[in-house]
Amino acid sequence: MTERKILVTGGSGKLSAEVIKTLLEDFNIQPKQLIVTTRKADKLLALSAKGVDVREADFTSPESLEKAFKGADSLLLVSIDASGPRTQAHLNAVKAAEKVGVSHIVYTSMPSAENSPVIFAHEHDATEKAIKQSTIANATILRNNWYFENVSEYFASILQSGQWLTSAAEGRSAQLSRRDLAYAGASALIKPIEGKVTLPMNGVQSMTHAAMAKVIDKVLGTSINMVHLSDEDYQAQLESFELPTPIVDLCVTMDKHNRGNFSDGTSEAFEKLTGKQPQSFEAWLNENEVNLKKVMQSI
Ligand SMILES: NC(=O)c1ccc[n+]([C@@H]2O[C@H](COP(=O)([O-])OP(=O)(O)OC[C@H]3O[C@@H](n4cnc5c(N)ncnc54)[C@H](OP(=O)(O)O)[C@@H]3O)[C@@H](O)[C@H]2O)c1
């Protein structure tokens with residue numbers, strides 16, 4: 001019997017790299033069982049050297065995709081980072097997966113994709129719908145909650161200024177680490193669920209922004225001041241920092257989403273899929289304390 005081939009897209013991205021590492025190191029998937037696609041194959045020479053089949057694929061070039069996906073049984077479609085052209089790019093990838101006969105697709109979506117006010121939610125919603133309508137027999141849609149890493153990668157100003165401007169009010173979000181979400185992606189690939197399922201991937205605690213700030217203060221020794229604003233005042237503040245409009249719109253709609261509890265939930269589905277509990281925010285902060293303190297000082 002031939003081994004099932006597993007394909008991971010976007011191999012040079014942070015989530016994909018962690019999924020690949022998890023498959024090889026934690027789940028003992030043999031390199032020859034793995035296909036990795038990326039726009040920049042020269043960045044993944046170390047994987048090729050291990051015997052992983054690295055192929056070039058760009059979701060915006062549909063003609064590249066069938067060749068790149070050929071032979072895959074299970075495919076993890078990692079959502080791309082370019083909002084805007086994303087819907088068509090994802091639909092191209094779903095179509096190609098369908099054409100080459102992928103039998104199980106895993107997709108990294110977002111919480112409440114169908115009714116979230118986040119500016120890019122419609123892109124995930126359209127991708128989820130295309131997957132459900134496709135002839136691909138099995139699909140695991142992972143509605144990944146927000147990464148803890150966003151605190152340092154997108155909202156470093158909170159750590160640096162000690163001011164958390166927010167219109168999320170008392171809304172809760174069950175965030176978790178990127179590494180746990182990668183573990184969930186790898187778990188979904190190696191144990192394909194039959195049929196088409198949508199699973200919320202949430203952290204072990206659902207917290208308000210103020211509760212998160214208290215944990216940051218405890219671990220990093222900060223004294224974060226919560227500045228609660230209306231959507232309009234939050235938008236005006238962000239505009240006064242001369243941030244580009246798409247960033248302002250993203251921040252304001254994300255807080256509207258958080259205020260509406262669209263990212264609230266429990267870690268039950270994560271634990272059922274992976275057989276483990278996600279790392280708590282406090283444990284994640286402790287593990288990343290050194291790097292986070294560097295971010296705080298890098299103004
Ligand atoms: N839940 C959250 O809080 C959160 C936060 C940030 C992002 N995200 C989403 O989750 C995804 C993975 O997160 P990440 O941290 O790994 O982001 P990242 O490091 O910025 O990775 C971006 C990913 O997009 C892929 N990509 C971009 N353009 C592409 C194209 N035209 N065709 C195919 N692949 C393309 C990249 O693949 P190659 O460069 O290898 O081609 C890479 O895997 C992001 O792309 C974004 O959709 C979620």
Side-chain angles (χ1 to χ4, degrees), residues 12-15 17-18 81-83 110-111 116-120 144-182 202-264 278-299:
S12 74
K14 294 182 281 296
L15 181 81
E18 198 64 43
D81 56 348
S83 192
M110 65 169 283
S116 159
V118 170
I119 194 145
F120 55 68
N144 288 352
N145 215 315
W146 310 136
Y147 304 163
F148 290 151
E149 282 78 2
N150 294 343
V151 166
S152 54
E153 293 174 9
Y154 294 108
F155 300 104
S157 63
I158 294 170
L159 301 178
Q160 292 158 349
S161 68
Q163 303 290 322
W164 192 329
L165 307 184
T166 177
S167 59
E170 293 304 306
R172 292 174 185 276
S173 55
Q175 307 188 18
L176 68 175
S177 74
R178 184 190 279 118
R179 190 175 62 203
D180 275 331
L181 288 167
N202 296 323
V204 75
Q205 282 168 294
S206 191
M207 303 167 88
T208 62
H209 283 355
M212 291 181 78
K214 281 209 173 106
V215 185
I216 296 173
D217 286 350
K218 180 178 168 195
V219 177
L220 301 181
T222 47
S223 307
I224 295 171
N225 177 38
M226 298 304 298
V227 183
H228 292 285
L229 301 166
S230 64
D231 285 336
E232 293 71 25
D233 289 346
Y234 185 34
Q235 177 167 346
Q237 283 279 344
L238 296 174
E239 283 169 352
S240 75
F241 302 144
E242 298 186 349
L243 290 170
T245 306
I247 302 290
V248 173
D249 291 346
L250 174 61
C251 292
V252 174
T253 58
M254 269 189 76
D255 260 5
K256 206 170 177 183
H257 169 108
N258 294 326
R259 187 174 69 237
N261 285 317
F262 289 104
S263 265
D264 191 14
Q279 186 179 35
S280 70
F281 188 45
E282 183 165 347
W284 179 83
L285 288 166
N286 274 311
E287 186 185 324
N288 292 284
E289 185 181 348
V290 174
N291 282 337
L292 291 166
K293 285 194 167 155
K294 276 190 202 149
V295 170
M296 283 164 63
Q297 284 148 15
S298 64
I299 328 178

Could you grab the distance from atom [atom1] of [X] to atom [atom2] of [Y], nearest 0.5 Å is fine?
{"X": "Tyr234", "Y": "Met254", "atom1": "OH", "atom2": "CE", "answer": "8.5 Å"}
{"X": "Leu243", "Y": "Gln235", "atom1": "CG", "atom2": "CD", "answer": "11.5 Å"}
{"X": "Met226", "Y": "Leu229", "atom1": "CE", "atom2": "CG", "answer": "9.5 Å"}
{"X": "Leu220", "Y": "Leu159", "atom1": "CG", "atom2": "CG", "answer": "6.5 Å"}
{"X": "Ser161", "Y": "Met296", "atom1": "OG", "atom2": "CE", "answer": "10.5 Å"}
{"X": "Asp81", "Y": "Leu15", "atom1": "CG", "atom2": "CG", "answer": "11.5 Å"}

For Arg259, side chain to side chain donor-acceptor pair (under 3.5 Å) partners two or more places apart: Asp231
side-chain contact (heavy atoms from CB on, under 4.5 Å) evaluation trace for Tyr154 with Ile247: CA-CA 10 Å; Tyr154 294 108; Ile247 302 290; over 6 Å; no
Side-chain donor-acceptor pair present, Gln175, Asn145, cut-off under 3.5 Å: no
Qualifying salt bridge (charged side-chain N to carboxylate O under 4.0 Å, His left out) pairs with a residue from residues 154-174, counting only residues at least two apart or across chains: none
Which atom of [X] lies closest to which atom of [Y], heavy atoms considered:
{"X": "Leu292", "Y": "Ser152", "result": "CD2-CB, 3.6 Å"}
{"X": "Leu176", "Y": "Asp180", "result": "CD1-CB, 4.3 Å"}
{"X": "Ser173", "Y": "Asn258", "result": "CB-OD1, 3.9 Å"}
{"X": "Ile119", "Y": "Thr253", "result": "N-OG1, 3.1 Å"}

Partners meeting ring-ring contact (aromatic ring centres under 6.0 Å, His included) with Phe281 (sequence neighbours left out): Phe148
For Phe120, all residues meeting ring-ring contact (aromatic ring centres under 6.0 Å, His included), sequence neighbours excluded: His124
Residues Glu289 and Lys293 bridged, charged N to O under 4.0 Å: yes
Electrostatic pair Lys218:Glu282 at N-O distance under 4.0 angstrom: yes
Contact check, side chains of His228 and Thr166, non-hydrogen atoms, under 4.5 Å: yes
Side-chain heavy atoms of Ile158 within contact of Val151, under 4.5 Å: no
N/O donor-acceptor pair under 3.5 Å between Glu149 side chain and Arg178 backbone: yes
Check against side-chain contact (heavy atoms from CB on, under 4.5 Å), Ser298 and Gln160: CA-CA 8 Å; Ser298 64; Gln160 292 158 349; 3.6 Å; yes
Kindly list each side-chain donor-acceptor pair under 3.5 angstrom involving residues 205-213, sequence neighbours excluded, with atom names and distances?
from	atom 1	to	atom 2	distance (Å)
Ser206	OG	Asp264	OD1	2.5
Thr208	OG1	Ala211	N	3.0
His209	NE2	Asp255	OD1	3.2

Selection residues 238-257 - residue pairs positive for ring pair (Phe, Tyr, Trp, His ring centres under 6.0 Å), sequence neighbours left out: Trp146-His257, His257-Phe262
